[in-house]
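If you're wondering where the values come from, they're calculated on a predicted model, not measured in any experiment.
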Amino acid sequence: EEQNSMTSFVAKKCDMLPYEVVVRREAHGSYVKRNPHLKKRHLFPQILVEFFLKTSNRAWRHYPLPCDDPLMMYDYDADTTITLYHPSQPIYDQKPLFSLDESEVFAHEDEGKHFYAMEHIARKVFLILEKAWQIEGATLVDMKVEFGCTEGALLLADVIDNDSWRVIEHSAYIDKQLYRDGETLEAVFESYARVAQMTRNFRIPRQQIILWRGSPRDDFQKFINALGRFPDLFSVAVVTCSTHKEPERAVRAFSQLIHDIPDAVVIAYIGKSNGAGPTLSALSTIPVITVPANLQEFKEDLWSSVRTPRDAPVMTILEPENAVLAALQILSARNPHIYAHLREDVETRRVNI
């Protein structure tokens, strides 16, 4: 909820769930030990999510274990059995430690329904932090979080800090792995101080998409519908102005908009000669995407935005939905929240081999 001193904060009191949820973009640590056929830093185009059962003193209730925090194999859509494996031994060369019924693991009858939500939340959080680290010039390769319940709500109820993840900068760890690998305390302190400074830069920038049309007859509804999937992530400015008929007003309105919010993308949806896109592109340094409004009827309109003079680098996209997606991809290079939304869709199409 808030930080109330240099060493403490106020948080909701949660009934913690006994699972460590690990999200991986690369193979490191115990994953490489379980899968020795993969090299360290093997890249997963689709991030992996693994669950580990939190134990202590090498036991789970009345079951003795050869190690703590075993890997859980559990298909929460189909199985009622949870199988435990040693987290640091080759997975194909070991037998399960135990196969437990859900009732032997879950403290609450409906606990199984939380697994899908925990995976979804952990993925989303990882993607946001992945982009935040990319912007700082480093790479988030994996992360461990825990969850809890309060007042019927499932929360990521954990501190995310330099002990929670692996981060690589210039091919070197800058996280707790330094301590695990026996580096001096001075080196560890220096790295943690650097991470503290870098994470202070994490933020969601102020951005906008400018929808520009030549007249009210140019219907923006497809663009508005496409943008509606991303509420409150950026501002949307709608301008109706012909750059042919009112060039002075167009330039004045355009200059004011990008002065107020410089981090912007323009989508110009113009009928007939479709010249507004190249004109706006030549007047600024921000990306401009033009969509010919009357392309189906007058295919020659395409040339107004494809064959442009020097210093007018407009992009031309035929479908309104793809124009919106292109604008969001441009903004996502600096916005972790937009990146996470877009990357979630991409992740469903990726395959790990």
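Outside the 6.0 Å centre-distance limit, the rings of His337 and Tyr339 are not counted as a close aromatic pair. Ring centers of Phe220 and Phe223: under 6.0 Å apart, within the cut-off. Two rings, from Tyr173 and Tyr179, have their centers 6.0 Å or more apart.
Using bins of under 30°, 30° to 60° and over 60° for the plane-to-plane angle, the ring pair Phe115/Phe106 lands in the tilted bin.
With hydrogens and angles disregarded, a donor-acceptor distance shorter than 3.5 Å links the side chain of Gln94 to the backbone of Gln89. A distance-only check finds no donor-acceptor pair linking the side chain of Asp175 to the backbone of Tyr192 [under 3.5 Å]. Looking at Asp218, its side chain never comes within 3.5 Å of a backbone N or O of Arg213 through a donor-acceptor pair. Side chain of Arg123 to backbone of Glu344: no donor-acceptor contact under 3.5 angstrom is found. Side-chain atoms of Thr55 come within 3.5 Å of backbone atoms of Asp69 as a donor-acceptor pair (strictly under, hydrogens ignored). Proximity of a side-chain donor or acceptor of Gln3 to a complementary backbone N or O of Ser5 within less than 3.5 Å is detected.
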When you look at His259 and Phe254, which way does the ring-ring contact (aromatic ring centres under 6.0 Å, His included) test go after all the steps?
CA-CA 8 Å; His259 175 74; Phe254 184 52; over 10 Å; no
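Salt bridge status for Glu146 with Lys54: present, with a side-chain N to carboxylate O gap under 4.0 Å. By the 4.0 Å N-to-carboxylate-O rule, Arg24 lies close enough to Glu50 to be salt-bridged with it.
Contact annotation: the side chain of Glu136 approaches that of Phe202 to within less than 4.5 Å [non-hydrogen atoms, C-beta and beyond].
No more than 12 heavy atoms of other residues, nucleotides or ligands shown are found within 6.0 angstrom of NZ on Lys222. Annotation: Tyr92, atom OH; neighbour count of heavy atoms from other residues, nucleotides and ligands within 6.0 Å is above 12. Environment of CZ in Phe189: sparse, with no more than 12 heavy atoms of neighbouring residues, nucleotides or ligands closer than 6.0 Å.
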